[in-house]
Amino acid sequence: MINIAIDGYAGCGKSTLARDVAAKLGFTFIDTGALYRGITLFVTNKLNGIVDDQSVLEVLSQKPTLVFEPLTNHLLLNNINVETQIRSAEIASKVSQVAALPSVRHYLLNIQRDFIQNKGVVMEGRDIGTVIMPDAEAKFFITANMQVRVERRFLQLKADGKEQSRAEVEENLSSRDYKDATRSEAPLKLASDAVVIDTSHLTREEQVKCIIALTASKTDKALLPFV
């Protein structure tokens, strides 16, 4: 049994890919983006005005619980299903700012590491292969050109009944890219041993096939004598 780390930019389809790969392999899928969105929801509901590390640290002293509902994989914040709330445009616009705070990253670090203790996990995010599980047996970095990312996110939001123009979607993605890559605490970056996959021209099924093929020798013991 192995762990698989999937990192990359917002809107590249990391969550869908990680979920599909986990289902194909019979592994557990962990959506770390949902965890950060959940904390962002909790923090913004508790604080009025400036969100800084000290004020957030005080809020986190309440020790909010974050778990995934087994059947739906929806996020439960303090045992309440918040899946709809954390996917809102408001939370999307705030999550990078909150996620950059050291207090938030430290709080979620142990939660995320608890998920991977027994192996058999596919975890996606922005610092999985570099910080959360640097010893993962397989690491991937997902990318795609901006036009593709915008269209994917635009259609996803539309399907969820959320109205945003393509220009607004692109602005949000660009802003998140910059904040994620330049934050001082666990920035988004390519792990030295990660395989880069550009999904711009790959179908959903082809993306899964890539991951499965590249991890086959590690997940199928029958293949080990040949590699």
Side-chain angles (χ1 to χ4, degrees), residues 1-37 68-75 83-84 86-89 91-92 95 112 115-116 120-129 132-133 136-166 168-170 172-174 176-177 180 188 190-191 194-220 223:
M1 196 72 81
I2 70 170
N3 285 330
I4 299 174
I6 298 180
D7 290 303
Y9 296 104
C12 287
K14 299 188 308 299
S15 296
T16 299
L17 176 57
R19 186 182 294 107
D20 289 349
V21 169
K24 188 76 173 179
L25 294 174
F27 283 18
T28 299
F29 163 61
I30 303 297
D31 180 0
T32 62
L35 297 175
Y36 280 100
R37 285 169 176 262
F68 291 98
E69 204 283 327
L71 295 178
T72 64
N73 212 54
H74 287 177
L75 184 71
E83 192 67 21
T84 299
I86 66 172
R87 303 300 174 184
S88 70
I91 296 301
V95 66
Q112 292 172 89
F115 286 128
I116 66 177
V121 164
V122 181
M123 185 178 286
E124 67 85 18
R126 288 166 177 74
D127 63 348
I128 309 306
I132 306 304
M133 48 181 190
E137 291 81 356
K139 300 179 186 178
F140 300 94
F141 191 93
I142 310 304
T143 186
N145 68 56
M146 181 57 79
Q147 289 70 32
V148 170
R149 293 165 60 197
V150 168
E151 190 64 18
R152 287 174 178 170
R153 182 56 57 85
F154 174 79
L155 293 175
Q156 178 188 31
L157 291 170
K158 187 176 181 180
D160 292 339
K162 301 182 178 96
E163 292 298 327
Q164 264 194 312
S165 69
R166 287 177 173 83
E168 290 173 323
V169 172
E170 182 170 358
N172 176 257
L173 291 178
S174 296
R176 291 179 63 185
D177 284 350
D180 291 340
L188 167 66
L190 174 66
V195 176
V196 178
I197 299 178
D198 187 333
T199 65
S200 299
H201 305 293
L202 295 177
T203 65
R204 180 172 172 176
E205 293 74 18
E206 288 170 338
Q207 293 173 41
V208 175
K209 286 181 179 179
C210 280
I211 301 290
I212 298 300
L214 290 166
T215 58
S217 63
K218 299 176 181 179
T219 57
D220 188 343
L223 295 175

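All values below were derived from every heavy atom in this structure, side-chain atoms included, with hydrogens, water molecules and symmetry-related copies excluded.
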[X] and [Y]: which non-hydrogen atoms are nearest, and at how many Å?
X      : Y      : answer
Met1   : Gly120 : CG-N, 3.1 Å
Arg152 : Ala144 : NH1-CB, 4.0 Å
Asn145 : Ser200 : N-OG, 2.9 Å
Gly125 : Lys14  : O-CE, 3.3 Å
Asn73  : Glu83  : O-OE1, 4.4 Å

In terms of side-chain geometry, is the basic nitrogen of Asp20 or Arg204 positioned less than 4.0 Å from the acidic oxygen of its partner? yes
Less than 4.5 Å apart, side chain to side chain, heavy atoms only: is that true for Phe154 and Glu170? no
Residue pair Thr28 / Phe68, side-chain heavy-atom distance below 4.5 Å: no
Run the ring-centre check on Tyr9 versus Phe141 and record whether the distance is less than 6.0 Å. yes
Which value, rounded to the nearest 0.5 Å, describes the distance between [X] atom [atom1] and [Y] atom [atom2]?
X      : Y      : atom1 : atom2 : result
Leu190 : Thr143 : CG    : OG1   : 10.0 Å
Ile211 : Leu25  : CD1   : CG    : 9.5 Å
Arg176 : Arg153 : CZ    : CZ    : 5.5 Å
Gln147 : Arg166 : CD    : CZ    : 12.0 Å
Ile116 : Gln112 : CD1   : CD    : 9.0 Å
Phe29  : Glu124 : CZ    : CD    : 5.0 Å

Take Ile4 and Phe140, measure what side chain to side chain contact (heavy atoms under 4.5 Å, CB included) needs, and give me the verdict at the end. CA-CA 8 Å; Ile4 299 174; Phe140 300 94; 3.9 Å; yes
Is the backbone of [Y] close enough, under 3.5 Å, to the side chain of [X] for a donor and an acceptor to pair up by distance?
X      : Y      : result
Thr199 : Leu202 : no
Asp7   : Ile142 : no
Arg37  : Val95  : no
Asp160 : Lys162 : no
Lys139 : Gly129 : yes
Glu137 : Asn3   : yes
Thr215 : Lys218 : no

Single hit among Ile197, Val122, Ile128 for side chain to side chain contact (heavy atoms under 4.5 Å, CB included) with Ile6: Val122
Pair Asp177-Arg149, side chain to side chain contact (heavy atoms under 4.5 Å, CB included): steps then yes or no: CA-CA 12 Å; Asp177 284 350; Arg149 293 165 60 197; 2.9 Å; yes
